[in-house]
There are 2 protein chains.
Amino acid sequence: MSKQTSPKQTSPKQTSPKQTSPMSKRVKARLVDVARDAGVSPATVSRAMAQPDLLTAETLARVHDSARKLGYRPDGMARALASGRTMTIGAIVPTLDSTIFARALQAMQSALAREGYQLLVASHEMNPAAETEAVRTLLTRGVDGLMLVGAERSQDAAMLLRSAGVPVVLSWVGTPECAAVTVDNELAGHLAARHLIGLGHRRIGLVVGHLPFNDRQQARLAGARKALSEAGLDLPGALVSEQGLTMAGGRAGCARLLDLGEPPSGIIGGIDLFAIGCIQEAQSRGIAVPEALSVVGIDDIDMSAHIAPALTTVMIPTARIGQICAATLLAEIKGERRHEQVALPIELVVRQSTAPAR
Amino acid sequence: MSKQTSPKQTSPKQTSPKQTSPMSKRVKARLVDVARDAGVSPATVSRAMAQPDLLTAETLARVHDSARKLGYRPDGMARALASGRTMTIGAIVPTLDSTIFARALQAMQSALAREGYQLLVASHEMNPAAETEAVRTLLTRGVDGLMLVGAERSQDAAMLLRSAGVPVVLSWVGTPECAAVTVDNELAGHLAARHLIGLGHRRIGLVVGHLPFNDRQQARLAGARKALSEAGLDLPGALVSEQGLTMAGGRAGCARLLDLGEPPSGIIGGIDLFAIGCIQEAQSRGIAVPEALSVVGIDDIDMSAHIAPALTTVMIPTARIGQICAATLLAEIKGERRHEQVALPIELVVRQSTAPAR
DNA sequence: AGGCTTCATGAAAGCGCTATCATTCAAGAT
DNA sequence: ATCTTGAATGATAGCGCTTTCATGAAGCCT
């Protein structure tokens with residue numbers, strides 16, 4: 001609590017407040033300094049930076065010269081306060097420590113950077129309260145738009161978002177009241193299950209992420225369940241294992257399923273990482289994939305095509321989600337569109353980890 | 001270029017500018033509104049938010065009541081402008097789309113969030129100019145601290161950083177002029193190579209990332225080269241393959257090395273992903289790992305322990321790097337320390353992907 | 001040539017908050 | 001009783017920029 005001296009400049013009151021005091025070594029040049037140097041008004045300098053086409057080529061050049069000479073760099077905060085725009089987009093994801101979200105954010109970041117926007121990220125580790133807090137902080141902090149993952153969230157968070165009046169885009173799973181860039185997660189589960197069913201598998205297990213506050217995994221599970229039920233197959237609780245979203249989780253889930261009295265002949269991983277973990281676990285037990293056990297994933301992460309056997313999976317266009325989120329948000333900010341709904345196609349990619357049931 | 005109406009409120013001039021106009025439905029409550037409602041001065045409200053212990057319990061309560069009643073949320077931009085602090089830390093990484101950096105950022109983000117700071121991220125995709133640009137944007141945007149990866153950067157970027165006077169912490173590789181949280185990448189390469197040499201391998205190849213603007217990979221390669229030379233071994237150019245930092249790159253690099261007239265009996269991956277790719281490539285060619293080919297990685301990513309054979313690798317405490325970067329930056333911001341240098345220990349983790357040379 | 005645009009610029013009012021300094025009042029010191 | 005002192009609060013000047021609105025100087029038309 002002991003902060004007397006402003007961290008910015010030695011002493012704002014000791015140097016003469018305005019005019020060129022002989023040796024005032026002001027650390028940062030301000031807009032007015034440039035204006036004075038160039039012999040124009042502050043307004044002109046402001047315009048030179050933001051709307052150059054409003055000025056004579058000559059004044060523009062003069063301003064630019066002065067700016068360069070003084071090493072002027074505009075102050076984002078002041079600009080934000082005066083204009084109401086922060087040139088910052090917030091993104092709240094479950095975690096950065098996941099190929100999926102990291103990849104989407106990377107794509108989003110690139111797309112935003114091209115338009116001069118920055119990405120402010122927060123994560124909530126699958127904790128609704130933490131998400132609410134993140135929403136609050138980012139809104140307070142000031143963002144021109146906000147990207148969120150999934151449609152499910154706390155009342156408080158929803159209210160904050162509504163009252164803030166900031167453009168929001170939902171990703172992976174959406175709601176109609178809000179712009180959204182989605183994929184059909186239920187279809188993903190459905191495709192995966194149908195593929196196994198089509199290969200003659202009758203006993204199918206799943207390894208999924210913890211379901212609370214994860215509507216992506218919920219939908220994928222629901223889709224698989226639906227496909228099974230359509231085929232007249234049962235999905236007892238024992239054949240569904242909830243695990244933390246790591247490869248170790250995949251191995252553990254697979255182990256649980258294989259240790260069952262009547263183990264499945266096909267397993268669906270709610271994410272590719274699970275599926276890859278399943279393959280490793282099976283192989284380490286001497287169970288051949290796909291001969292003795294078929295494994296399907298969902299996501300199609302980078303690695304899936306490169307492991308042995310290459311993973312059959314449902315491709316989710318992760319990077320495109322991020323990229324389109326950025327575009328959607330920017331469009332909404334510019335007022336070009338409202339509550340745009342983009343549904344991205346997904347498809348089954350058959351590789352070597354699945355085979356007909358014996 | 002056509003933005004007439006302020007996006008914030010319907011018309012700042014139509015509502016009476018200051019006092020309680022009867023039905024002025026101002027969208028956002030300001031600090032002065034709270035002050036008026038609570039019957040105190042703006043300064044008191046400000047203090048109520050920032051230094052509650054300076055106020056009577058009674059006034060504090062009154063202010064809080066009014067704030068809640070009006071749904072007041074402070075404006076971060078105004079606060080930043082007035083105080084000079086943004087409560088934001090910038091991080092510039094090569095890419096988010098990498099387990100390593102994503103993991104470090106996740107740890108950093110968590111640590112920062114605990115202290116009320118937000119993470120502003122940018123990436124440069126291994127492009128020095130892009131990094132410079134990112135530095136410029138983040139500094140302009142206003143950050144209280146900045147995390148960068150590696151010590152190598154453009155003159156321009158270095159100058160910007162110096163002149164900005166913002167606390168900076170370097171990660172993975174550092175320089176003495178600047179706070180840094182580092183690991184000894186050269187040692188990492190050295191450990192990996194020495195391990196293979198100790199197992200009797202005489203012909204050792206490497207798959208490394210593209211070296212320009214990547215001092216981590218440079219150092220790892222240098223360390224391996226040093227170990228080899230200490231053992232009287234040669235490292236011809238043909239045995240070093242530069243690849244993009246993906247698993248596919250690892251496979252490709254491995255393929256190149258194995259296709260050599262005299263292929264290596266041991267391969268070091270500059271990152272685990274390469275090593276894993278190497279294992280896959282070898283296995284897909286019917287070359288047994290570790291019996292016919294030993295593979296070592298560097299990083300010890302999550303997955304490395306779970307593949308078959310489990311990867312022998314040099315453990316880099318990625319998450320801790322992020323976490324300590326956050327701590328270092330916060331300490332520097334508070335003025336507690338300056339240019340602190342933290343070197344994190346690394347160690348060889350022997351698993352199943354390496355075996356004595358035949 | 002006079003009036004009407006259009007264009008380039010200037011003047012100045014904030015944006016919403018923090019921080020400094022001044023003020024008040026009550027309690028302890030003399 | 002008078003003087004200090006300190007704690008709680010108020011008044012207010014900016015922070016550095018954007019953005020109307022106003023102004024003067026050309027350009028254009030009839």
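Keep in mind it's a predicted model, so treat the numbers as computed, not measured. Here is the naming used below: chain letters follow the sequence lines, and residue numbers restart at 1 for every chain.
The terminal axes of the helix from C:dA1-D:dT30 to C:dT30-D:dA1, fitted over 5 pairs per end, subtend an angle of 30° to the nearest 10°.
Counting only heavy atoms from C-beta on, B:Ser41 has its side chain closest to D:dG10 among D:dC15, C:dC15, D:dG10. Taking every side-chain heavy atom of A:Arg79 into account, D:dC17 is the closest of D:dC17, D:dT9, C:dA19. Closest to the side chain of B:Ala43, out of C:dT9, D:dT9, C:dA19, is C:dA19.
Across all strands, B:Val40 comes closer than 4.0 Å only to sugar-phosphate atoms, never to a base (heavy-atom distances). When heavy atoms are screened at a 4.0 angstrom cut-off, A:Thr56 is found touching the sugar-phosphate backbone but no base atom.
Side-chain contact, B:Ser154 with B:Glu131: no donor N or O sits under 3.5 Å from an acceptor N or O. In this model, no donor atom of one side chain and acceptor atom of the other lie less than 3.5 Å apart for B:Thr137 and B:Thr140.
An OP1 or OP2 oxygen of C:dT18 is reached within less than 4.0 angstrom by no side-chain nitrogen or oxygen of B:Ser83.
Here B:Glu152 pairs with nothing under the salt bridge (Lys or Arg N to Asp or Glu O under 4.0 Å) rule; sequence neighbours left out. Residues passing the salt bridge (Lys or Arg N to Asp or Glu O under 4.0 Å) test with B:Glu336, sequence neighbours excluded: none.
Judged purely by atom type and a 3.5 angstrom limit, A:Gln323 has no side-chain atom pairing as donor or acceptor with the backbone of A:Ala107.
For the pair B:Pro42 and A:Ala78, nearest-nucleotide mapping onto DNA chain D gives the more 5' position to B:Pro42. Summary of the strand contacts: B:Arg47 and A:Leu54 both lie near DNA chain C, and taking for each the nucleotide with the nearest heavy atom, the more 5' one is attributed to A:Leu54.
Exactly one residue among A:Thr328, A:Val166, A:Asp144 makes a side-chain contact (heavy atoms from CB on, under 4.5 Å) with A:Ile333. That residue is A:Asp144.
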